[in-house]
Amino acid sequence: MDLDAALRPPPPEPTTCCERGCNGCVWEGFYNAMGYWRDDAIELISQKPPQAAA
């Protein structure tokens with residue numbers, strides 16, 4: 001399996017943070033999205049490659 005082709009790109013870092021520690025900060029959403037991205041990546045990496053025909 002070609003992981004580069006199978007793995008979607010990670011979410012982009014936010015550029016609109018006001019750095020006031022807002023409740024619901026754009027960084028909170030980013031870290032949640034990164035968690036989902038990481039889980040998908042771990043799942044893809046842990047899959048067994050298909051067996052070649054003998």
Side-chain angles (χ1 to χ4, degrees):
M1 169 179 29
D2 181 10
L3 281 178
D4 289 334
L7 188 60
R8 63 186 167 92
E13 288 188 15
T15 59
T16 59
C17 181
C18 65
E19 299 185 19
R20 288 185 278 176
C22 303
N23 190 13
C25 178
V26 295
W27 284 102
E28 291 177 24
F30 170 74
Y31 289 125
N32 286 334
M34 279 299 296
Y36 287 114
W37 180 86
R38 182 197 64 224
D39 293 344
D40 288 347
I42 290 170
E43 185 176 332
L44 276 173
I45 290 169
S46 65
Q47 290 177 358
K48 291 182 180 179
Q51 297 294 324

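Predicted model only: the values in this text are computed from it and were never measured.
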Which side-chain N or O atoms in residues 13-23 pair as donor and acceptor under 3.5 Å with protein atoms at least two apart or in another chain?
none

Excluding sequence neighbours, so at least two apart, what forms ring pair (Phe, Tyr, Trp, His ring centres under 6.0 Å) with Trp27?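 Ring pair (Phe, Tyr, Trp, His ring centres under 6.0 Å) list for Trp27, sorted by chain: Phe30, Tyr31.
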Without placing hydrogens or testing angles, list every side-chain donor-acceptor pair under 3.5 Å for residues 35-44, not counting sequence neighbours.
| residue | atom | partner | partner atom | Å |
| --- | --- | --- | --- | --- |
| Trp37 | NE1 | Arg8 | O | 2.7 |
| Asp40 | OD2 | Arg8 | NE | 3.4 |
| Asp40 | OD2 | Arg8 | NH2 | 2.9 |

